[in-house]
Amino acid sequence: MMDKSFDFAAAEGRASALWEETGAFRAGRPDRTAAQPFCVVIPPPNVTGNLHMGHALNNTLQDVLCRYWRMSGRDVLWQPGVDHAGIATQMVVERQLMERQEPDRRALGRKAFVERVWAWKAESGGAIVAQLKRLGASCDWSRERFTLDEGLSRAVVKVFAQLYREGLVYKDKRLVNWDPKFQTAISDLEVVQVESKGSFKWSREDGAPLDAAALAKVLAKNPNGHLYYFEYPVVDDGGDETGERITVATTRPETMLGDTAVAVHPDDPRYQHLIGRRVRLPLVGRLIAIVADEYSDPEKGAGAVKITPAHDFNDFEVGKRHEAEGARPINILDAQGRVTLRGNVDFFEGLESDNDHARLIAALHGQDRFVARSRIVEMMALAGLLARIEPHAHAVPHGDRSNVVIEPWLTDQWYVDAKTLAEPAIEAVRDGKTQFVPKTWEKTYFDWLGNIQPWCVSRQLWWGHQIPAWYAPWGAVYVEETEEAAYAAGLADGVERGALAQAEAQALASDPARLAETFTRDEDVLDTWFSSALWPFSTLGWPDETAELKRFYPTDTLVTGFDIIFFWVARMMMMGLHFMPEIPFRDVYIHALVRDERGAKMSKSKGNVIDPIDLIDRFGADALRFTLAAMAAQGRDVKLSEARIEGYRNFATKLWNASRFAEMNGCVRVEGFDPSAVREPLNRWILGEAAQAAAETAGAIEAYRFNDAANAVYRFVWSVFCDWHLELAKPVLQGPADPAAKAESRATIAHVLDTIYAMLHPFMPFLTEELWAITGETGPRRAGPLALGPWPAQGFEVDAEVEAEIGWVADLIAEIRSVRSEMGVAPSNLTPLILIAPSERAGKSARAWSESIGRLARVGSIETAQAAPPGALLLVVRGETVALPLAGVVDLTAERARLDREIAKEKLEIAKVVAKLGNDDFVARAPEEIIAEHQERLETFQARLVKLNNARERLERI
RNA sequence: GGGCGCUUAGCUCAGCGGUAGAGCACUACCUUGACAUGGUAGGGGUCAGAGGUUCAAUCCCUCUAGCGCCCACCA
């Protein structure tokens with residue numbers, strides 16, 4: 001005997017154990033070797049991560065696909081794994097060291113620190129995997145990979161080395177986005193723009209001196225959002241000030257220390273006479289050139305722009321163009337974003353001797369960039385060279401992880417020539433080899449790849465894939481897959497260059513200690529996304545030619561959020577096409593972002609994060625999964641509300657109780673049940689509806705319309721099977737029906753429940769697996785867990801006759817219920833039902849279904865008459881008139897009003913259709929079936945109107 | 001500045017050329033033997049606004065207004 005409600009917590013445990021025991025999610029099961037493969041690679045969550053709503057949605061959708069195809073007989077591989085997440089993980093462990101007051105990263109040293117991170121990973125890195133399992137993710141967990149494990153590392157170095165050989169990876173000295181907090185370079189994608197607007201306003205014109213304290217206070221809160229107008233004195237050829245000044249505006253005053261030019265537009269009439277002159281850089285005293293460059297926009301700022309090549313991407317380019325005029329980069333910031341002047345040779349080069357270097361160094365050297373900012377502004381004001389300060393809205397780049405302002409900084413880094421790799425990636429999508437769903441994302445993909453910049457892949461971190469590059473004392477670099485190979489290449493090359501004597505090389509080759517001293521490995525590690533980009537083939541065993549690689553690559557579908565199209569999808573396309581060389585996946589399904597009820601992005605700082613595990617605890621994993629699938633309409637954000645989850649929890653309860661009802665009524669599965677041999681109309685009807693619902697669900701899943709699929713199941717289970725089939729079957733099951741009919745009904749219900757469990761399983765795997773097990777205890781033996789199928793057979797159709805009969809009964813019941821409710825007839829009042837001159841079929845149906853009609857419509861008896869008795873309520877149901885003799889029970893004025901309303905409604909509909917059919921253009925141009933449909937509708941309406949009018953007239957005569 | 005998207009019932013959202021839908025909320029009634037995590041009935045929408053295309057527009061096009069996102073932008 002089943003419990004009264006579904007204990008999801010217990011069932012989740014049981015189902016998980018069953019799947020584990022039976023190896024249900026294993027790819028390459030012996031029974032599927034001949035089956036078509038289906039493969040999805042999981043977007044590997046960060047090892048530091050906890051399951052958030054985005055994961056829940058993403059993995060629910062993948063799981064729906066995988067479970068559906070697995071049930072349909074395919075050999076499914078859902079490849080799981082976790083990402084080592086360079087910065088994030090290093091951060092977590094560093095924080096842990098700090099909290100425990102242990103020696104920090106640097107004190108520990110690289111080797112010990114990395115060991116420490118591995119220890120952390122072993123201890124607490126698997127949390128997210130356990131959470132995915134709780135969600136029900138049907139990954140082949142036996143194949144779990146980690147982006148830093150041995151096999152994947154082998155793939156990474158091979159890829160790096162090969163790209164290097166091909167000239168697609170190179171080292172370059174240029175400006176990078178530098179994160180002063182983590183002290184590493186980051187890629188363009190890891191930079192987020194933050195809008196900033198200050199409030200401080202000051203102008204020299206007003207006469208009041210600058211209130212430096214007030215400014216500092218404002219800047220302490222937000223150092224950005226102001227535009228500062230500086231005046232640089234123009235000097236003559238002898239270096240003496242001419243008295244003229246040129247005004248430049250900046251949002252970063254501290255960078256003026258590194259200014260090496262002032263640029264004006266070549267056509268700007270205001271500055272023609274100044275082009276080629278020099279200015280004295282205030283505070284510093286260095287003489288810098290006024291150059292003509294198109295970059296300068298006369299409309300912006302002061303019209304002339306200061307050029308700081310070492311600290312601004314645009315200025316760097318301008319500087320390159322004007323190198324001859326002295327506009328070389330002068331770096332004035334250190335790795336932590338502090339001003340650095342002492343020992344800064346470039347900075348002092350060309351200084352006038354009468355400047356007070358010591359004063360400047362004392363005031364600024366070693367100061368944080370933002371402290372220096374207000375100091376400089378103050379000093380400029382004191383020098384009388386600050387014209388004004390204005391609030392200025394602009395976007396400031398921040399590190400997406402560190403959340404500090406990013407500095408463009410001149411360093412040596414490794415770059416991937418993304419432009420070359422992007423071409424095949426663009427082509428593959430253009431040719432339709434890989435398709436985005438929804439298609440609109442293709443534009444985003446093309447736009448980005450079309451303008452792609454070199455990808456900075458080196459990171460000054462310790463946790464990650466160390467770059468396989470070794471430097472020799474003679475200034476050469478050797479990029480190889482292994483240390484041994486690098487040494488060998490280095491020695492050979494050293495000899496060739498003449499840097500090493502042959503004998504010396506030989507001696508070195510057999511002395512590991514000296515080799516290690518001679519060649520030093522690049523300290524940097526690779527961007528985490530570099531290894532993620534290889535995920536679809538590295539997880540399948542590449543660079544080995546494994547059976548899995550052969551069988552499952554290209555994968556079928558990638559399911560991911562649009563926020564990582566650039567980070568991940570595009571890069572997988574590039575790497576997959578270059579190394580396999582084939583597309584990594586055929587379809588890319590892009591789903592929405594999960595937001596809170598009000599549409600705000602969930603974030604820890606806003607405190608609006610909903611924890612999926614908490615929801616699973618409260619409502620069950622199935623309810624959460626169903627909600628996410630039902631809301632995953634293409635191209636929309638998912639705004640999650642708890643009420644919705646609760647509703648779907650109730651849905652699970654509903655099905656549970658329907659199953660319980662079946663159990664109580666002896667609905668046991670029957671060996672070899674054949675839907676096409678079923679006789680009873682009601683049973684034939686529900687079998688047809690079930691088959692249709694299953695087909696609808698399958699079609700929707702295959703088209704990635706998850707919401708349609710979920711709704712199709714929901715509607716069938718609740719509104720068709722429970723509301724109508726079970727209710728109409730009750731008299732058969734519980735009354736004195738003919739034993740054969742009873743048996744058939746029982747078998748049908750059991751069969752339909754099996755169909756329901758199957759088509760609901762991709763969405764609610766735990767509930768359905770549990771019900772599958774419970775109902776499996778009776779009847780024929782189950783072949784295995786529901787997770788392995790079968791998906792319901794399709795192709796069975798309801799015949800029209802059956803639909804007409806059951807449909808008429810259902811409509812009749814609904815109509816009677818509606819009128820009774822409207823007229824305020826008490827449920828306890830079992831009224832007679834009189835069929836007025838019924839057709840033969842209606843009479844037959846009414847007799848056949850008298851018990852159900854009685855029960856569901858609160859009808860006491862069913863009679864037939866040629867005319868309605870006076871004062872009876874008349875209804876028209878699919879052309880048949882029926883009467884409820886309620887004279888004296890109901891208020892006839894109310895009934896008149898009701899009929900009038902009905903008539904008016906009918907007339908309105910008729911008028912609309914008549915107008916359309918009366919339109920010559922419509923008749924001439926609309927397709928025939930549309931016209932026929934309108935005609936049919938008109939006839940139906942008119943017939944109904946006639947009967948309604950009759951009823952109304954009869955009422956008038958009373 | 002460039003691009004993408006949204007505006008449909010009180011709320012959250014489907015639908016996207018031919019009779020406006022769901023869930024939740026709301027109202028009334030129902031302790032009916034699967035289920036009150038339930039049942040029955042009901043109210044509620046000039047489908048943002050203005051033009052246009054079409055026999056026909058919530059759906060296609062243009063514009064306007066509001067909202068959101070992505071990319072670029074530290075004068």
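Computed from a predicted model, the values in this text were never measured in an experiment. In what follows, every chain begins at residue 1, and chains take the letters A, B, ... in the order their sequences are listed.
In this structure, A/Asp447 atom CG and B/rC71 atom C1' are separated by 9 Å, rounded to whole Å. Distance A/Asn829 CG to B/rC29 P: 17 Å, rounded to the nearest Å. One interatomic measurement links the two molecules: CG of A/Asn451 to P of B/rC70, which rounds to 18 Å at whole-angstrom precision. Residue A/His398 contributes atom NE2, which lies 15 Å from atom P of B/rC71 at whole-angstrom precision. B/rC70 atom P lies 12 Å from atom CD1 of A/Ile565, rounded to whole Å. Rounded to whole Å, the distance from CZ on A/Phe566 to C1' on B/rG3 is 10 Å. Counting to the nearest Å, the C1' atom of B/rA14 and the CG atom of A/Asp708 are 8 Å from each other. In this structure, A/Arg388 places its CZ atom 14 Å from P of B/rA75, rounding to the nearest Å.
Ring geometry, A/Trp718 versus A/Tyr714: the interplanar angle falls from 30° to 60°, so the pair is classed tilted. A/Trp409 and A/Trp178 have tilted rings, their planes meeting at an angle from 30° to 60° on a 0 to 90° scale. A perpendicular orientation is assigned to the rings of A/His226 and A/Phe200, their planes being inclined by more than 60° (bins at 30° and 60°).
For A/Phe766, the ring pair (Phe, Tyr, Trp, His ring centres under 6.0 Å) partners at least two apart in sequence or on another chain are A/Trp19. For A/Thr775, the side-chain hydrogen bond (donor to acceptor under 3.5 Å, both in side chains) partners two or more places apart in sequence, or in a different chain, are A/Arg782.
The gap from the C1' atom of B/rC61 to that of B/rG45 amounts to 25 Å, rounded to the nearest Å. Taking atom P on both nucleotides, B/rC13 is separated from B/rC69 by 14 Å, rounded to a whole Å. Across B/rU19 and B/rC11, the matching P atoms stand 27 Å from one another, rounded to whole Å. B/rG38 and B/rU54: their C1' atoms are spaced 49 Å apart (whole Å). Look at the P atom in both B/rA34 and B/rC29: the space between them is 25 Å, to the nearest Å. Going from the C1' atom of B/rG5 to that of B/rC24 covers 26 Å, rounded to whole Å. A distance of about 15 Å separates the C1' atoms of B/rA48 and B/rG68, rounded to the whole Å. The separation of B/rG42 from B/rU37, taken at their C1' atoms, amounts to 23 Å, rounded to a whole angstrom.
Among the duplex regions that RNA chain B forms, those built from at least three successive Watson-Crick or G-U pairs under 3.5 Å are B:1-7 with B:65-71, B:10-13 with B:21-24, B:26-30 with B:38-42, B:48-52 with B:60-64, ordered by first number.
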Interface polar pairs with nucleotides 55-61 of chain B, N/O, under 3.5 angstrom:
from, atom 1, to, atom 2, distance (Å)
B/rC55, OP1, A/Arg925, NE, 3.1
B/rC55, OP1, A/Arg925, NH1, 2.1
B/rC55, O2', A/Asn919, ND2, 3.1

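Here A/Phe706 contributes atom CZ and A/Phe763 contributes atom CZ; the two are 8.0 Å apart, rounded to the nearest 0.5 Å.
A salt bridge links A/Arg388 to A/Glu390: at least one charged side-chain nitrogen sits closer than 4.0 Å to a carboxylate oxygen. The pair A/Glu646-A/Arg618 does not count as a salt bridge, with every side-chain nitrogen at least 4.0 angstrom from each carboxylate oxygen. Between A/Arg660 and A/Glu663 there is no salt bridge, since no side-chain nitrogen of the basic residue lies less than 4.0 Å from a carboxylate oxygen of the acidic one. Between A/Glu906 and A/Arg901, none of the side-chain N atoms (NZ, or NE/NH1/NH2) sits under 4.0 Å from a carboxylate O, so this pair counts as no salt bridge.
If you check every strand for non-hydrogen atoms under 4.0 Å, A/Ile406 touches a base. At the heavy-atom level, A/Ala924 lies nowhere under 4.0 Å from the strands shown. Contacts of A/Val248 with the nucleic acid, taken as non-hydrogen atoms under 4.0 Å apart, are absent. Nucleic acid contact for A/Phe721: none, since no nucleic acid atom lies under 4.0 Å from a heavy atom of the residue. A/Leu227 comes within 4.0 angstrom of sugar-phosphate atoms only, judged by non-hydrogen atoms across all strands, and of no base. Within 4.0 Å of A/Thr255, counting heavy atoms only, lies no atom of the nucleic acid at all.
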Contacts table for residues 724-735 of chain A: side-chain donor-acceptor under 3.5 angstrom, sequence neighbours left out:
from, atom 1, to, atom 2, distance (Å)
A/Glu727, OE1, A/Lys730, NZ, 3.3
A/Glu727, OE2, A/Lys730, NZ, 3.1
A/Gln734, OE1, A/Arg855, NH2, 3.3
A/Gln734, NE2, A/Asn665, OD1, 3.4

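Taking only side-chain nitrogens and oxygens, A/His934 never comes nearer than 4.0 Å to OP1 or OP2 of B/rU19.
Side-chain contact between A/Leu274 and A/Val264 is absent, with no heavy-atom pair separated by less than 4.5 Å. At least one side-chain heavy atom of A/Met256 sits less than 4.5 Å from a side-chain heavy atom of A/Tyr232.
Taking the nucleotide of RNA chain B with the nearest heavy atom to each of A/Thr250 and A/Glu909, the more 5' of the two is matched to A/Glu909.
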(message) Does the protein touch nucleotides 33-46 of chain B at the base, only the backbone, or not at all? Give it as B, S and - per nucleotide, heavy atoms under 4.0 Å.
(response) BBBSBSSSSS----
